[in-house]
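Could you have a look at this structure, given as structure tokens, before my questions?
Note that ligands are numbered from 1 as they come in the structure, with each ligand's atoms numbered from 1 the same way. The structure presented is a predicted model; accordingly, all values stated were derived computationally and were not measured.
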Amino acid sequence: MIIKTYIVNDMKEALIRAKYELGADAIIISQREVKIGKWYNPFKRKGLEVTVAVEKETKVDNIAQTKANPKYADIEPIYEEPNEKGNDPLVNGPFTPKSQTKFGPRNDLMGKLSDQINIYSQLLGKDKDSLTLEEKKGFVKLVMKDNPLNNKLSLGKINVLVGPTGVGKTTTIAKLAAIESIANKKNVGLITIDTYRIGAVEQLRTYANILGADFEVANNPNEMAAKVEELNNCDLLLIDTLGTSPKDMKKIEEIRENLNAINEEIHTYLVLSLSTDKDTITSILDKYKSLNYDALIITKIDEVSSISNLWYLMENCTFPIQYFCYGQDVPDDIKLATLDNVFDYCKENDLYE
Ligand SMILES: Nc1nc2c(ncn2[C@@H]2O[C@H](COP(=O)(O)OP(=O)(O)OP(=O)(O)O)[C@@H](O)[C@H]2O)c(=O)[nH]1
Ligand SMILES: [Mg+2]
């Protein structure tokens with residue numbers, strides 16, 4: 001007996017697909033209402049999960065049948081199977097990254113930006129501080145071509161998240177691990193060096209267990225090198241680090257020593273909560289430079305009322321903003337930080353300018 005489950009819009013679609021794929025003898029054995037849409041889609045719609053059974057598959061040549069019968073060709077698969085190049089909900093979802101190169105500091109545009117935004121506001125007959133979200137987005141599109149939301153880094157084989165305490169490093173690792181392992185079928189390994197905070201190891205281990213991901217703890221640089229080597233078969237490694245105050249150079253140095261022990265290329269992401277004040281943001285961007293971060297991940301955009309800190313980062317940061325996180329739900333609350341994604345979020349959530 002062959003049993004297959006379809007997620008479809010309605011029973012008619014289920015029947016057509018079942019008869020098409022399993023043959024005329026397929027019968028429906030159960031159905032239930034479900035929400036359709038990928039997990040990152042907040043606008044899921046109603047659909048049906050239909051389970052179909054057939055004694056023996058009597059499928060004919062699908063391609064020939066599809067060509068011969070345009071009715072079948074009309075049926076769009078609801079869930080696309082991830083392909084090797086990626087059907088990555090983060091990367092290739094509703095958006096296409098403009099560049100995927102490793103990014104260094106961009107040419108210095110900064111000094112001119114405030115002049116440019118003044119001119120732009122004057123052209124619109126407005127004061128710079130009264131520009132709407134749409135107008136700011138227009139300005140970014142027009143003038144700030146080389147801005148942190150336009151530049152992207154690809155996930156490397158080894159990715160490390162660093163940053164201040166409580167910004168969401170471990171949660172973001174769990175989100176990325178879930179998406180990469182479930183949607184992109186990657187074999188993900190997780191390593192933590194956070195042996196300071198009580199419960200930190202267990203926090204990540206719990207996610208690893210749920211996802212069936214390999215999990216290791218590294219207590220020092222030697223162990224780090226060994227654990228990375230041990231997990232060499234994984235497609236993707238995500239390394240969690242201890243949260244530190246940006247003023248605690250001793251702990252930051254300790255993280256650096258652990259990362260230096262890794263002999264392969266690593267992509268380092270600085271995780272930054274948007275609910276941090278601007279002076280502290282400036283200090284964080286500066287103090288973590290010793291860890292050679294390549295890109296930022298911004299979190300807790302759901303906690304702020306205005307785009308002011310985001311704008312501050314766009315004007316002052318020279319590194320790509322890779323992802324943005326907008327809540328505690330794993331893995332739903334993360335997206336690639338493209339200009340459209342971020343500004344759409346701000347608009348939908350009424351963040352004021
Ligand atoms: N509102 C909101 N909460 C978040 C977000 N990301 C993480 N959190 C929450 O922030 C808290 C801290 O998250 P963790 O992932 O433990 O932060 P961390 O950076 O690993 O913390 P340390 O390891 O202690 O430095 C948890 O309650 C998370 O659920 C986000 O984007 N929005
Ligand atoms: Mg943590």
ask   = Can you tell me if an N/O/S atom from T170 lies under 2.8 Å from the Mg ion (ligand 2)?
value =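 So T170 counts as coordinating the Mg ion (ligand 2), yes.
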
message = Hydrophobic clustering (ILVMFWY, side-chain heavy atoms < 4.5 Å, transitive) - are I334 and Y207 grouped together?
response = no

request  = Starting from atom 24 (O) of ligand 1, locate the nearest protein heavy atom and write down its residue, its atom name and how far away it is, to 0.1 Å.
outcome  =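 Protein heavy atom with the smallest distance to atom 24 (O) of ligand 1: R197 NE, 2.7 Å.
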
request  = Could you name the option among Q203, Q328, E303, K300 that has the heavy atom nearest to atom 10 (O) of ligand 1?
outcome  = K300

key: Flag side-chain contact, heavy atom, 4.5 Å: L285 against L313   =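 L285 reaches L313 side chain to side chain.
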
task = Would you check whether D240 has a nitrogen or oxygen atom less than 3.5 angstrom from a nitrogen or oxygen atom of ligand 1?
result = no

query = Knowing that exactly one of K35, R32, K4 qualifies, which makes a salt bridge (Lys or Arg N to Asp or Glu O under 4.0 Å) with E49?
reply =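 Of all the options given, the one that passes is R32.
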
query = Quick one: is the NZ or CZ of K128 closer than 6.0 Å to the six-membered ring centre of F139, and within 45° of its axis?
reply = no

Location of contacts on K169 toward ligand 1, heavy atoms closer than 4.0 Å =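 The part of K169 near ligand 1 is both the backbone and the side chain.
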
Any D302 side-chain heavy atom under 4.5 Å of Y345 side chain = yes

ask   = Quick one: nearest non-hydrogen protein atom to atom 17 (O) of ligand 1, plus distance?
value = G168 N, 3.0 Å

key: Closest protein heavy atom (residue, atom, distance) for atom 14 (P) of ligand 1   =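 Going by distance alone, atom 14 (P) of ligand 1 is nearest to T171 OG1, 3.4 Å.
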
ask   = Among protein heavy atoms, which sits nearest to atom 20 (O) of ligand 1, and what does the distance come to when rounded to 0.1 Å?
value = T170 OG1, 2.8 Å

task = For ligand 1, find out whether one of its N or O atoms is nearer than 3.5 Å to an N or O atom of V167.
result = yes

ask   = Looking at side-chain heavy atoms only, is the closest gap between K157 and E265 below 4.5 Å?
value = no

query = Which atoms of ligand 1 are found less than 4.0 Å from any heavy atom of Y326?
reply =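 Ligand 1 atoms under the 4.0 Å threshold to Y326: 31 (O).
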
key: Residue of the set D333, T171, I297, I301 for which side chain to side chain contact (heavy atoms under 4.5 Å, CB included) holds with C325   = I297

task = Record the part of D302 in heavy-atom contact with ligand 1 below 4.0 Å; permitted values are side chain, backbone, both and neither.
result = side chain

ask   = What do we get for D194 next to ligand 1 when only non-hydrogen atoms under 4.0 Å count, side chain, backbone, both or neither?
value = side chain

note = atom 12 (C) of ligand 1 has as its nearest protein heavy atom G166 O, 3.7 Å

inquiry  = Could you check whether K185 pairs with D235 (Lys NZ or Arg NE/NH1/NH2 to Asp/Glu carboxylate O, under 4.0 Å)?
reply    = no

query = Do NZ/NE/NH1/NH2 and the carboxylate oxygens of E254 and K251 come within less than 4.0 Å?
reply =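 Answer for the salt bridge query: no.
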
note = In ligand 1, the atoms that come under 4.0 Å of a heavy atom of G243 are 25 (O)

request  = Tell me which protein heavy atom sits closest to atom 30 (C) of ligand 1, plus the residue, atom name and distance to 0.1 Å.
outcome  =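 For this ligand atom, the closest protein heavy atom is G327 O, 3.3 Å.
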
ask   = Can you tell which of I239, L190, T192 makes a side chain to side chain contact (heavy atoms under 4.5 Å, CB included) with I173?
value =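 When side chain to side chain contact (heavy atoms under 4.5 Å, CB included) is applied between I173 and each of I239, L190, T192, only L190 qualifies.
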
